[in-house]
Amino acid sequence: MVIDTTQLTNETTLRWQPNPEPDLTGYELLWRETTAPDWTHTLDVGSVTTATVDLSKDNVFFGVRAVDRDGNRSPVAAPQPSS
């Protein structure tokens, strides 16, 4: 998973590879202040592999997790800067 660092805007775009599990229903984008120990915000982005939010990549930490049809959630994956 990568965080797009090619644009100097206040929006943040994350991209990831699709999860191959057959019961996958979508993904959640999570973020928290850089000083917060736990995830404080969650956004359901659906069955996509790219999400853009109106939040500065300089002010928060981001993560993405997969969700299956039973509501089980994967561990949160942290993005790497894109090249």
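Throughout, numbering of the chain's residues begins at 1 and tracks the sequence.
Applying the salt bridge (Lys or Arg N to Asp or Glu O under 4.0 Å) test to Arg15 and every residue at least two apart in sequence or in another chain returns Asp4. With sequence neighbours excluded, no residue satisfies side-chain hydrogen bond (donor to acceptor under 3.5 Å, both in side chains) with Thr9.
The same ILVMFWY cluster, assembled from side-chain heavy atoms under 4.5 Å apart, contains both Ile3 and Val48. Following chains of ILVMFWY side-chain contacts shorter than 4.5 Å, one cannot reach Met1 starting from Leu30, and the two form parts of different hydrophobic clusters. Residues Val64 and Leu43 are members of one and the same hydrophobic cluster, defined by side-chain heavy-atom contacts under 4.5 angstrom among Ile, Leu, Val, Met, Phe, Trp and Tyr. Val76 and Val45 fall into different hydrophobic clusters, where Ile, Leu, Val, Met, Phe, Trp and Tyr are joined by side-chain heavy atoms under 4.5 Å apart, directly or via other members.
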Which is it for Ser82 and Thr6 under the side chain to side chain contact (heavy atoms under 4.5 Å, CB included) test, yes or no, and what are the steps along the way?
-> CA-CA 7 Å; Ser82 64; Thr6 62; 4.1 Å; yes

List the steps, then state whether side chain to side chain contact (heavy atoms under 4.5 Å, CB included) holds for Leu29 with Thr42.
-> CA-CA 6 Å; Leu29 180 64; Thr42 305; over 6 Å; no

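Counting heavy atoms from C-beta outward, Thr34 and Val60 have side chains that stay 4.5 Å or more apart.
The side-chain hydrogen bond (donor to acceptor under 3.5 Å, both in side chains) pairs that include a residue from residues 17-27 number zero, where partners must be two or more places apart or lie in different chains. Sorted by first and then second residue, the side-chain hydrogen bond (donor to acceptor under 3.5 Å, both in side chains) pairs involving residues 58-71 (not counting sequence neighbours) are Glu28-Arg65, Asp68-Asn72. Sorted by first and then second residue, the ring pair (Phe, Tyr, Trp, His ring centres under 6.0 Å) pairs with a member in residues 35-67 read Trp31-His41; sequence neighbours excluded.
Of all non-hydrogen atoms in Thr40 and Ala36, the two that sit nearest each other are CG2-CB, 4.4 Å. Of all non-hydrogen atoms in Thr12 and Ser56, the two that sit nearest each other are OG1-C, 3.6 Å.
Here Val67 sits alone; no ILVMFWY side chain lies under 4.5 Å from its own, so it joins no hydrophobic cluster.
With values rounded to the nearest 0.5 angstrom, Asp54 atom CG is found 5.5 Å from Glu11 atom CD.
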